[in-house]
Amino acid sequence: MMIATYNANSIRARMPVIMKWLSDRRPDVLCLQETKVTDDEFPAPEIEAVGYRPVFRGEKSYNGVAILSRHEIEQVSFGFDGRGLDEGARILTARIRGIEIVNTYVPQGTAPDSDRFQYKLDWFQRLLDHFSARYKTSDRLIWIGDFNVAPEPIDVHDPKRLLGHVGYHPDEHRALAAVKAWGFVDIFRMHRPEPGHYTFWDYRVRDSVARGLGWRVDHIWGTETLAALSTDSWIDREPRLWQKPSDHTPVIAEFSI
DNA sequence: ATGGTCGTTGGACGA
């Protein structure tokens, strides 16, 4: 079972990349973030035509999450406890082949002195409450998506300079660590402990991929129960180098399920 | 390397 995550940065702009990637890699499940379309504009027919069932929740211009699956999708819900429009376009939960998948687009946070940054920190606390209320740490549970935080020094290209920037700030590290302490394992890092693996490269930095100026902010985390079933995890850097790329690239994990 | 770029828009704003 191959499960992937990809911040598409607009599904309409990214359909050529997504269709090629699905065709090349054929993951069982692809979780998307930043689809940036209302549900009536979601390109479901094109996705269904290549063998994937989509579930999605979006809004005009901003946010938006989706799950594409080659298998039956059960127990779909949106937002914290299935409530809330704002959170609904950032959290999509589904059960696929007995795995609980929570796909999130965590608020980016804008800047550490902004209201949006505090909203991001609070959002992690609300997500922790959400996990605590709905799941057991023994469940087959995946938390996947764009977390908008690089957790460790090896997850950014220049940890000394970047410390304190949005995405690599001590307050964010504390907030994320609190969720992790509930019972998550960083499945990618479990398989790839070495530095230099990134999932995001800023459009504004020239030749950022070739120069290694990236961040690892997209993640696949799981309970110990699920991590024990994971056989590999890697980042597919190629789509970041294709024509009209997203500023992110897919992360994949494989499970013996 | 925070700005150089994208995407959604139809001028900025978010990332």
Side-chain angles (χ1 to χ4, degrees), chain A residues 5-21 31-43 46 56-66 85-91 103-124 145-151 153-172 175-176 195-196 198-219 235 237-251:
Chain A
T5 179
Y6 181 44
N7 179 320
N9 186 17
S10 168
I11 193 167
R12 284 185 295 206
R14 218 61 61 209
M15 276 303 274
V17 168
I18 291 169
M19 297 300 271
K20 174 172 166 51
W21 196 77
C31 299
L32 298 170
Q33 305 86 36
E34 282 208 270
T35 54
K36 297 188 174 181
V37 288
T38 53
D39 293 348
D40 58 311
E41 302 258 336
F42 193 91
E46 295 94 316
F56 44 87
R57 176 64 58 89
E59 62 186 271
K60 186 179 171 68
S61 303
Y62 304 107
N63 309 321
V65 281
L85 174 65
D86 176 42
E87 296 84 1
R90 292 185 180 275
I91 306 176
N103 174 25
T104 65
Y105 174 50
V106 175
Q108 191 265 355
T110 306
D113 60 352
S114 68
D115 291 343
R116 284 199 183 88
F117 190 78
Q118 188 58 50
Y119 178 76
K120 180 182 192 175
L121 300 179
D122 294 342
W123 203 91
F124 277 118
D146 181 357
F147 293 13
N148 264 314
V149 178
I154 57 172
D155 296 322
V156 291
H157 57 274
D158 189 343
K160 285 197 176 76
R161 184 180 63 83
L162 293 173
L163 185 63
H165 285 240
V166 66
Y168 190 67
H169 190 287
D171 292 347
E172 292 173 316
L176 180 59
Y198 306 123
T199 68
F200 163 84
W201 296 262
D202 196 314
Y203 284 130
R204 294 168 294 188
V205 179
R206 183 173 44 83
D207 298 329
S208 56
V209 180
R211 297 159 69 202
L213 301 177
W215 304 58
R216 192 176 72 99
V217 294
D218 302 272
H219 301 286
I235 295 164
R237 199 167 47 179
E238 278 192 27
R240 183 62 180 81
L241 298 167
W242 293 350
Q243 291 290 322
K244 291 246 318 172
S246 169
D247 41 4
H248 296 248
T249 209
V251 186

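So that the names make sense, note that chain A is the first sequence line, chain B the second, and so on, each numbered from 1. None of the values given here were measured: they were computed from a predicted structure.
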Out of B:dA1, B:dC6, B:dT8, whichever nucleotide has its closest atom nearest the side chain of A:Y203: B:dC6

Quickly work out the A:D247 CG to B:dG3 C1' distance and round it to whole Å. 15 Å

Please report, rounded to the nearest Å, how far the C1' atom of B:dC6 is from the CG atom of A:N7. 12 Å

Measure from the side-chain N and O atoms of A:R240 to the backbone N and O of A:W201, and report whether any donor-acceptor pair falls under 3.5 Å. yes

Where the side chain of A:D158 is defined as all heavy atoms beyond and including C-beta, which of B:dA15, B:dG7, B:dA1 is the nearest nucleotide? B:dA1

Taking for A:T35 and for A:H165 the nucleotide of DNA chain B with the nearest heavy atom, the one nearer the 5' end belongs to A:H165

5'-most contact on DNA chain B (nearest-nucleotide basis), A:Q108 vs A:V37, goes to A:V37

What is the separation between atom CE on A:M15 and atom P on B:dG7, rounded to the nearest whole Å? 15 Å

Measure from OH on A:Y168 to C1' on B:dA1 and round the result to the nearest Å. 17 Å

Does one side chain, of A:N9 or A:Y203, offer a donor that lies under 3.5 Å from an acceptor on the other? yes

Once you apply a heavy-atom cut-off of 4.0 Å, does A:W215 come out as touching a base, just sugar-phosphate, or nothing? base

Can you figure out which of B:dA15, B:dG3, B:dG7 approaches the side chain of A:R14 most closely? B:dG7

Could you go over nucleotides 12-14 of chain B and give all protein N or O partners under 3.5 Å, atom names and distances?
| residue | atom | partner | partner atom | Å |
| --- | --- | --- | --- | --- |
| B:dG14 | OP1 | A:R116 | NH2 | 2.7 |

How far, in whole Å, is B:dT2 from B:dG14 if one measures between their C1' atoms? 14 Å

Closest non-hydrogen atom pair between A:V17 and A:W242, with its separation: O-CZ3, 3.7 Å

In whole Å, what separates the C1' atom of B:dG10 from that of B:dA1? 31 Å

Please report, rounded to the nearest Å, how far the C1' atom of B:dT5 is from the CG atom of A:D207. 13 Å

Should the ring pair A:F147 and A:H219 be called parallel, tilted or perpendicular, given that the plane angle runs from 0 to 90° and is split at 30 and 60? tilted

If I take atom CG in residue A:D202 and atom P in nucleotide B:dG4, what distance separates them, rounded to the nearest angstrom? 11 Å

Can you spot which of A:N148, A:T104, A:D146, A:N103 makes a side-chain hydrogen bond (donor to acceptor under 3.5 Å, both in side chains) with A:Q33? A:N103

Integer-rounded Å distance: B:dT5 C1' and A:E34 CD: 14 Å

Say whether, by atom type as modelled, one donor and one acceptor occur between the side chain of A:S246 and the main chain of A:N7 under 3.5 angstrom. yes

Can you tell me if A:E41 uses its side chain to pair, donor with acceptor, with the backbone of A:V37 under 3.5 Å? no

Residue-phosphate contact under 4.0 Å: A:R161 side-chain N/O, B:dT2 OP1/OP2: yes

Length of the line joining A:K244:NZ and B:dC6:P, which is rounded to integer Å: 9 Å

Is the phosphate of B:dA15, meaning OP1 or OP2, less than 4.0 Å from a side-chain N or O of A:R204? no

When you measure from the side chain of A:R14 to the backbone of A:M19, do you find a donor-acceptor pair of N or O atoms at a distance under 3.5 Å? no

Nearest of B:dG7, B:dA1, B:dT2 to any side-chain atom of A:L162? B:dT2

